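To find a chain, count down the sequence lines: A is the first, B the second, and so on, and within it residues start at 1. Model, not experiment: these values are computed from the prediction.
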4 protein chains.
Amino acid sequence: MAARPTRPALRDRYDRRRDELVRNAARAFARRGYDQTTMQELAATMDLATGALYHYFPGKERLLIAICDQLMEPLLARASEIGEQEASPRERLRAVVRLWVAHVVEHRDHMLVFQQERHQIESGEEWRGVRAARKTFERLVGDLLERADPADDARLRLLALLGMVNHTAQWYRPRGALSPRQIADGYLDLVLRTG
Amino acid sequence: MAARPTRPALRDRYDRRRDELVRNAARAFARRGYDQTTMQELAATMDLATGALYHYFPGKERLLIAICDQLMEPLLARASEIGEQEASPRERLRAVVRLWVAHVVEHRDHMLVFQQERHQIESGEEWRGVRAARKTFERLVGDLLERADPADDARLRLLALLGMVNHTAQWYRPRGALSPRQIADGYLDLVLRTG
Amino acid sequence: MAARPTRPALRDRYDRRRDELVRNAARAFARRGYDQTTMQELAATMDLATGALYHYFPGKERLLIAICDQLMEPLLARASEIGEQEASPRERLRAVVRLWVAHVVEHRDHMLVFQQERHQIESGEEWRGVRAARKTFERLVGDLLERADPADDARLRLLALLGMVNHTAQWYRPRGALSPRQIADGYLDLVLRTG
Amino acid sequence: MAARPTRPALRDRYDRRRDELVRNAARAFARRGYDQTTMQELAATMDLATGALYHYFPGKERLLIAICDQLMEPLLARASEIGEQEASPRERLRAVVRLWVAHVVEHRDHMLVFQQERHQIESGEEWRGVRAARKTFERLVGDLLERADPADDARLRLLALLGMVNHTAQWYRPRGALSPRQIADGYLDLVLRTG
DNA sequence: TATGAATGAGCCTTCATTCAT
DNA sequence: CATGAATGAAGGCTCATTCAT
């Protein structure tokens, strides 16, 4: 794999191109599955020669990791910011869930890949980072939920929330009846019992 | 592929063996992924010669379909029975959700495979039956939910319920803190607002 | 392989059955090709279990040899008889060619198999007998031709005659315009210039 | 399969290589039979990796078709030219038969394969072109024969001619007693009775 | 950086043959 | 003699990866 350029102009171009490739790969993987999508198909979709993919990713698996990173990193960054704001736990929770749902519907393909390739993510050294990111995010949401509405069944509610939000990727359609924000608020209504 | 035997004694043995193979395959696919599990690995796991698998399934994909059938058929059958009972919608909904959660945790591997191979299930002629079964089940739950607790956001609640129950396969561990029944009731508490 | 029975009644039944199987195999091989016809297909066609074939033939190749034998042995036997008759060479040649053409059209499938599997026949120890039979027959025809109409180009005429007669299997249809006898006489008209 | 290159230099190299591969395959198939020759054997013979064959042919059967095309196309092209010349039918027939015999002995392997795989050629959609080419050629020869020497048994003579010429592939050896031209003329002597 | 032909290990599937019943 | 499930070696084909240009 060619190294990432150091000169800023080239580097930016490289980074933008790489991001674009990751997004395209997410779409392809979501549609046909990771294993059933060939590197040559990917390259063709992206108007690239087969070998050129290897300038950006040392192998197919690293491309998959890149998809997960592209999904998790901005989500985690912005959620952390919200988590550290001064607002009440309940307000921060609402902000996080809105962000989260918006992120999910904007990265539907990433989410679907993320779910489909669960078995890969769950084992293997190179997936450590992705696993850590997910855990961190879940803990962040869990903490906010616990503090926003303490209850015996806090854990079950967290798990339910994770389930419904992640599942959103499977049914959400742009221009549907509900906006991401409405969806997020709807979920919160279910999870937060006290008024 | 050898045909299913017609003599009852042989046929029963055949059916039991086939069911066992499907269960084993579900486990393997859930762990390593469908594409990354080879037919020879499967055969070895099941103490079978490679070719013997093809006495039961005409190909790898049909084995995957069989997993989905083994998951959906009994669930759909028993849920339909409940749906036609005389009890109130709310009671029937509770019964269905309890059945459903119990089924999910008892078929965790099947569920994980079902989710991982979403992209295969969603396209292709031979998957029509599986898609129909899922749709039927979802409609059944949706109807009960609507009648148990009419509300503006019935659809979102259904989708939330689907998300949380299905997601259960990813975190449930036997001998955990919560029994399937408690989980089911917990979910119902979230979804049914009017007490 | 079970041995050929010794008791006459059983032995005859066995032989008749075996002959029938060989004929059926010839048909199947002629249609789908030797390698592309499976032993299980053969067995099914003959209303037999797969394993039963091995009571009659120790393996697939021996079945192929049996087809060649069923083709060559009666032809060679009757041609030899004719060759030793007292008639003139020309009359004997005519008799042999008529026999030959009649045999070819009656064993079209055998002939087609014989031609298709030329490469197998031409090498391998177990094919020695078949090769010898063909050579013997060709020599017999060649001798008669030479003596019926001596000429410089006797060899080429023999080869031409072999070509046209064998080729007959590829176009002859029962109830066609020409009877086997007419065909044979037509061939002789071409090959015998004098007279 | 990689596409045929468009740049002239590369395309020529590709075409030459492909032709070479087809010729080699014809040799191998003629010797060991189509089904008994593996793609890996072929590749090894041609100093190629297994997968490289698939840059030139999408599958084994297409390779077989290519052999038939390599046999029939130039023959048909040149025979058509001759058929449209101004010479007498008899002269044109002689020219075509000489061409034909020369072609057969120069493509012995192709011919043997063509005959051995008759059953494949005769059925299947992708063989339509090959069947058409054969029919066209046979009709061309038949027309010339009919006009060169009208007779009641024209059809039988055509079939005899087809038989002998095609059969030539099975006995001709380079540096044998007869040149292709002598063989062709010998065949014509048999088939043309008058003059 | 980009290309795309070439590599070759590996997988799904087939099928001749065996053998317990 | 008959059965037919089981065996397991082998073949056609794919595809992630490399590298000469």
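- Between D/Asp109 and D/Arg31 no salt bridge is recorded (no basic side-chain N to carboxylate O distance below 4.0 Å).
- The shortest heavy-atom contact between C/Glu126 and C/Ile65 is O-CD1, 3.5 Å.
- Spacing between atom CG of C/Leu53 and atom C1' of E/dT18 amounts to 14 Å, rounded to whole angstrom units.
- Taken to the nearest 0.5 Å, the CG atom of B/Leu63 stands 10.0 Å off from the CG atom of B/Asn24.
- The CZ atom of C/Phe57 sits 15 Å away from the C1' atom of F/dC1 (whole-angstrom rounding).
- Pairing for F/dA20 is with E/dT3, a Watson-Crick or G-U wobble pair whose two hydrogen-bonding atom distances lie under 3.5 Å.
- For D/Tyr56 and E/dT7, the OH to C1' distance is 13 Å, given to the nearest whole Å.
- One P atom belongs to F/dT21, the other to E/dT1, and the distance between them is 23 Å to the nearest Å.
- Distance CD/C/Glu20 to CZ/C/Arg23: 5.0 Å, rounded to 0.5 Å.
- Rounded to a whole Å, the CG atom of A/Asp47 is 11 Å from the P atom of E/dG4.
- Rounded to whole Å, the distance from CZ on B/Arg11 to P on F/dA5 is 14 Å.
- Distance A/Leu42 CG to E/dG4 P: 17 Å, rounded to the nearest Å.
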(Q) Output one letter per nucleotide in nucleotides 10-16 of chain F: B when a protein non-hydrogen atom lies under 4.0 Å from the base, S when only the sugar-phosphate is that close, - when neither is. (A) -SBBBSB
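- Annotation: B/Arg11, atom CZ; neighbour count of heavy atoms from other residues, nucleotides and ligands within 6.0 Å is above 12.
- Seen from the ring of B/Tyr54, B/Lys60 does not count as a face-on cation partner, given the 6.0 Å and 45° thresholds.
- When rounded to the nearest whole Å, the span between CG of B/Leu48 and C1' of F/dT7 equals 10 Å.
- Between C/Arg32 atom CZ and E/dC15 atom P there is a gap of 11 Å when expressed in whole angstrom units.
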